[in-house]
> 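Could you have a look at this structure, given as structure tokens, before my questions?
For ligands, and for the atoms within them, numbers begin at 1 and follow the listed sequence. Values reported hereafter were calculated over all heavy atoms of this structure, with side chains retained and with hydrogens, waters and symmetry mates removed.
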Amino acid sequence: MPISLHAPLDMHLHLRDGDMLSRVAPLSAHTFSGALVMPNLVPPVESREDVLQYKSRILEAIGDARFTPYMTLFFKPTYSREFLESVHDDVTAIKLYPAGITTNSEGGVSGFDVEELRPALEAMSDLGIPLCIHGETGGFVMDREAEFVPIYEKLATHFPRLKIIMEHITTKESVEALDRFDNLYATITLHHLIITLDEVAGGMLQPHLFCKPIAKRPEDREALLRVALDAHPKVMFGSDSAPHPREAKECPGCAAGVFTAPIALQLLTELFETNGASLEKLQAFVSGNARQIYHLEPQPKEVVLAKEPFTVPENYDGVVPFYFGTTLDYTVHTVI
Ligand code: DOR
Ligand code: ZN
């Protein structure tokens, strides 16, 4: 039986710029109705002009595909209320990176002093602009996300009207935090629902599975699966699909990022089916929850997935995808 998904949304996506943008954007635009586009370009997306120009480059790259790039700004504590009012209609969220924590995040936040952050976060609360956070400290790599949970809690407590999205959560500690604060939400990637650190480094090192945050323990993956398969109303699918050219992954100093965008819906469908989760839950996880949380009205799109074997290509124009060479159960049959 074919499966139909309506208006799938990817609430955390890296589309890059220039040549890479033109290679990867059409792949997401084919199967998704829209995506929240990350701002960690070089230089980062920091002004209204940057947002509008980047958006028009994305629209150019996708041609006539029906796809909405939901734009983000790179958070700066110095953003004034006037500035935030001026960008309010052009952005869907603002993304906060701790300084230097991942790819192109050097200009991010150092220290999380509430009073320093207050003017910008109060203004965002008043304007209803959600804050997306890459929640990792500079600690030991396996503990970085769990160590960040108290910072999430501090921000959620001091700014109770601010919608805070814990991006790409990978730990049971983050899952547990979700239900402690009304204003905490989360995105979950496909790869963190499937792999643990064992798949990355337990045998031969797998550069195409290396990402930030690094995949964690089996009990963490199980906690993520539990809320994703149940479509917990505070979690949404965000692929964190992060393309790098093959030569930047297969080298010493491998760049962080897993490229999942072109196979995400096929593999999510298989994952939900294999785990006995219903199509309604899958639909909520890949669209409904994000619509509610972000108040989105995505462009109509129906993605029909047929139960026919699909072998994941070795690369998409020089970018190696997750599960390359593996045969999946579902293929994208038609997009209406
Ligand atoms: O693995 C990652 N890659 N994690 C991030 O947070 C950033 C991303 C990228 O931009 O390459
Ligand atoms: Zn990301």
> Report, in ascending order of atom number, the atoms of ligand 1 lying under 4.0 Å from any heavy atom of His134.
6 (O)
> Would Lys216 and Thr171 count as having a side-chain donor-acceptor pair, cut-off 3.5 Å?
no
> Could you identify the single nearest non-hydrogen protein atom to atom 1 (O) of ligand 1 and state the distance to 0.1 Å?
Lys212 N, 2.8 Å
> Would you call the rings of Phe324 and His208 parallel, tilted or perpendicular if under 30° counts as parallel and over 60° as perpendicular?
perpendicular
> Look at atom CG of Asp182 and say whether more than 12 heavy atoms of other residues, nucleotides or ligands are closer to it than 6.0 Å.
no
> Just to check, does His12 reach to within less than 4.0 Å of ligand 1 when the distance is taken from its heavy atoms?
no
> N/O of Gly257 under 3.5 Å from N/O of ligand 1, yes or no?
yes
> For the Zn ion (ligand 2), find the closest N/O/S atom belonging to His14 and write down its atom name.
NE2
> Students should be able to answer this: which protein heavy-atom is nearest to atom 7 (C) of ligand 1, and at what distance?
Thr102 OG1, 3.3 Å
> If the threshold is 4.0 Å, N to carboxylate O, is there a salt bridge linking Glu273 and Lys307?
yes
> Which single N/O/S atom of Asp240 lies at minimum distance from the Zn ion (ligand 2)?
OD1
> Which ligand 1 atoms are under 4.0 Å away from a heavy-atom of Cys211?
1 (O)
> Parallel, tilted or perpendicular for Phe148 and Phe112, by the 30°/60° rule?
perpendicular
> Give the residue, atom name and distance (to 0.1 Å) of the protein heavy atom nearest atom 3 (N) of ligand 1.
Ala256 O, 3.0 Å
> Around Phe181, counting heavy atoms of other residues, nucleotides and ligands shown, do more than 12 lie under 6.0 Å from its CZ?
yes
> Regarding Lys212 and Glu136, does a basic nitrogen lie under 4.0 Å from an acidic carboxylate oxygen?
no
> Do any N/O/S atoms of His134 come under 2.8 Å of the Zn ion (ligand 2)?
no
> Clusters formed by hydrophobic residues whose side-chain heavy atoms approach within less than 4.5 Å: which one holds Val149, and what are its other members?
none
> With a 3.5 Å cut-off and no angle check, do the side chains of His232 and Asp179 form a donor-acceptor pair?
yes
> Looking only at heavy atoms, is any part of His244 under 4.0 Å from ligand 1, and if so is it the side chain, the backbone, or both, or is it neither?
side chain
> Crowded around Arg217 CZ? As in, over 12 foreign heavy atoms under 6.0 Å?
no
> Please determine if Thr103 has a nitrogen or oxygen closer than 3.5 Å to a nitrogen or oxygen of ligand 1.
yes
> Quick one: does ligand 1 sit under 4.0 Å from the side chain of Arg16, the backbone, both or neither, non-hydrogen atoms only?
side chain
> Under a 4.0 angstrom heavy-atom cut-off, which atoms of ligand 1 come close to Ala242?
3 (N), 8 (C), 9 (C), 11 (O)
> May I ask you to identify, for Ile101, whether its side chain, its backbone, both or neither come under 4.0 Å of ligand 1 on a heavy-atom basis?
neither
